[in-house]
Every structure is written in structure tokens, then in C-alpha cells.
Amino acid sequence: MKKIVVVDDHADIRRLIRMTLEFEDYEVHEAADGESALRLTRELRPDLLLLDVMMPGALDGLQVCAAVRADADLSHVHVMLLSARGQARDREAGMQAGAHAYLVKPFSPLQLIDRIAGLWVTG
């Protein structure tokens with residue numbers, strides 16, 4: 001069973017994503033901010049980090065993504081950024097931070113499942 005860490009400062013969004021992923025038989029863990037996300041990622045070494053870009057606190061999603069990419073022990077972790085910002089420059093910033101995928105909110109549960117499945121196929 002693949003392990004996924006869902007990071008979003010909105011509990012209702014985390015809950016919806018959790019329900020979607022558990023239906024697909026993933027082991028789901030949650031974090032509400034960048035600091036917790038990085039700590040949990042280092043502890044659990046998940047297969048995937050679903051990471052909101054805009055979060056309050058010392059670390060936003062782009063910074064967490066870059067920190068994960070810079071950590072050799074986490075090189076296997078796929079990162080998918082989730083954001084309401086969908087312009088080309090926003091996506092480019094996500095890819096420059098090291099994300100494997102970028103999904104614009106709002107998205108459907110089916111879109112999320114399809115994009116995650118695509119990560120396992122394409123690496």
C-alpha cells in the first residue's frame with residue numbers, strides 16, 4: 001500500500017482528499033502546514049506528497065518541495081503541488097522547485113486519482 005502525505009491548511013480539503021484516496025486503498029497521513037509536512041515526510045518517507053502551495057507559516061509549499069528535493073534520503077518521494085494559482089508562471093515555479101506534477105484547484109476526485117496513477121506509471 002502506497003503512503004501519501006496530504007498537506008493543506010484547510011481541514012475540509014484534507015478531509016475530501018483523504019476520503020478520495022482511502023477509497024483507492026492508499027495509506028493517508030495529513031499535515032496542516034509546511035513545517036509539519038517536512039517533519040512528517042522525513043519521518044514517514046511516503047511515496048507521494050500532495051502539497052498545497054499557499055500555506056501560512058515559515059514554509060510554503062514551494063519551499064517544502066525544494067527541501068524534499070534537496071534531501072537525498074527523500075529522493076524517491078514524488079511531489080504533486082496543489083494550487084488555486086494556475087498561470088504558466090505558477091506552474092513553472094512549481095516545476096523549478098522540483099515538483100513532479102501540478103494540479104490546479106478546484107479539481108475532481110477523478111482528476112486527482114488519474115494524476116496520481118500517472119505518477120506511478122511515468123516515474
Side-chain angles (χ1 to χ4, degrees):
M1 179 180 296
K2 293 199 183 288
K3 240 185 290 190
I4 299 177
V5 173
V6 177
V7 186
D8 199 295
D9 55 315
H10 293 99
D12 54 339
I13 293 174
R14 290 194 314 270
R15 186 173 37 255
L16 288 171
I17 292 173
R18 172 185 279 281
M19 289 174 14
T20 299
L21 297 176
E22 287 178 339
F23 182 73
E24 293 294 319
D25 203 32
Y26 292 112
E27 179 183 326
V28 181
H29 301 269
E30 297 179 28
D33 58 54
E35 296 89 348
S36 300
L38 196 51
R39 187 172 44 255
L40 198 57
T41 300
R42 288 179 174 147
E43 176 187 321
L44 296 174
R45 302 193 187 287
D47 299 288
L48 175 62
L49 184 58
L50 290 177
L51 186 56
D52 185 22
V53 172
M54 297 180 292
M55 292 183 291
L59 297 174
D60 67 17
L62 296 176
Q63 292 167 311
V64 172
C65 181
V68 168
R69 293 282 58 92
D71 188 332
D73 291 335
L74 301 176
S75 63
H76 72 283
V77 177
H78 286 80
V79 178
M80 181 183 298
L81 294 175
L82 310 174
S83 180
R85 293 182 175 172
Q87 294 185 357
R89 69 174 177 265
D90 300 313
R91 291 174 187 265
E92 180 62 27
M95 296 302 114
Q96 286 180 353
H100 295 90
Y102 193 103
L103 189 58
V104 178
K105 296 176 183 177
F107 49 83
S108 73
L110 184 57
Q111 281 178 296
L112 180 62
I113 294 300
D114 286 348
R115 291 296 297 276
I116 290 172
L119 287 175
W120 308 143
V121 172
T122 62

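Numbering of residues begins at 1 and proceeds along the displayed sequence.
Separating the OH atom in Tyr26 from the OG1 atom in Thr20 is a distance of 11.5 Å, to the nearest 0.5 Å. Distance check: Ile17 CD1 to Ile4 CD1 gives 10.0 Å after rounding to the nearest 0.5 Å. To the nearest 0.5 angstrom, Met19 atom CE is 13.0 Å from Glu24 atom CD. One finds the CG atom of Leu48 at 10.0 Å from the OG1 atom of Thr41 (value rounded to the nearest 0.5 Å). Within the model, atoms CZ of Arg15 and CD1 of Ile13 stand 10.5 Å from one another, a figure rounded to the nearest 0.5 Å. To the nearest 0.5 Å, the span separating CE on Met80 from CG on Asp52 amounts to 13.5 Å.
Think of Val68 as one node in a network of Ile, Leu, Val, Met, Phe, Trp and Tyr side chains linked at under 4.5 Å; its network also takes in Val5, Val7, Leu38, Leu40, Leu44, Leu49, Leu51, Val53, Met54, Met55, Leu59, Leu62, Val64, Leu74, Val77, Val79, Leu81, Met95, Tyr102, Val104.
Looking at heavy atoms from C-beta onward, Asp73 lies in side-chain contact with Arg45 at the 4.5 angstrom threshold.
Closest approach of Ala101 and Leu119 over heavy atoms only: CB-CD2, 4.1 Å. Between Gln111 and Ser108, the shortest heavy-atom contact is OE1-N, 2.7 Å. The two residues Pro46 and His76 have their closest heavy-atom pair at O-NE2, 3.2 Å. Heavy atoms only, all atoms of each residue included: Arg14 and Ala32 are closest at NH1-CB, 3.5 Å. In plain terms, the two heavy atoms of Arg18 and His29 that are nearest each other are NH2-CA, 4.2 Å.
A donor-acceptor distance shorter than 3.5 angstrom exists from the side chain of Asp47 to the backbone of Lys3, with no hydrogens or angles considered. With hydrogens and angles ignored, the 3.5 Å screen pairs no side-chain donor or acceptor of His78 with any backbone N or O of Ala99. Using modelled atom types, no side-chain atom of Glu22 and backbone atom of Val28 make a donor-acceptor pair closer than 3.5 Å.
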Open item on the list: Go through it in stages, so that I can follow the logic: the residues are Lys105 and Asp8, the test is side-chain contact (heavy atoms from CB on, under 4.5 Å), and I'd like the CA-CA distance, side-chain angles, deciding distance and then a yes or no.
Closed with: CA-CA 12 Å; Lys105 296 176 183 177; Asp8 199 295; 2.7 Å; yes

TODO: Evaluate the side-chain contact (heavy atoms from CB on, under 4.5 Å) criterion for residues His100 and Arg69: first the C-alpha distance (whole Å), next the side-chain angles of each, then the deciding distance (0.1 Å), finally the verdict.
DONE: CA-CA 10 Å; His100 295 90; Arg69 293 282 58 92; 3.4 Å; yes

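Following chains of ILVMFWY side-chain contacts shorter than 4.5 Å, one can reach Ile113 starting from Leu50, so the two form part of one hydrophobic cluster.
Within a 6.0 Å radius of CZ in Arg85, no more than 12 heavy atoms belonging to other residues, nucleotides or ligands are found.
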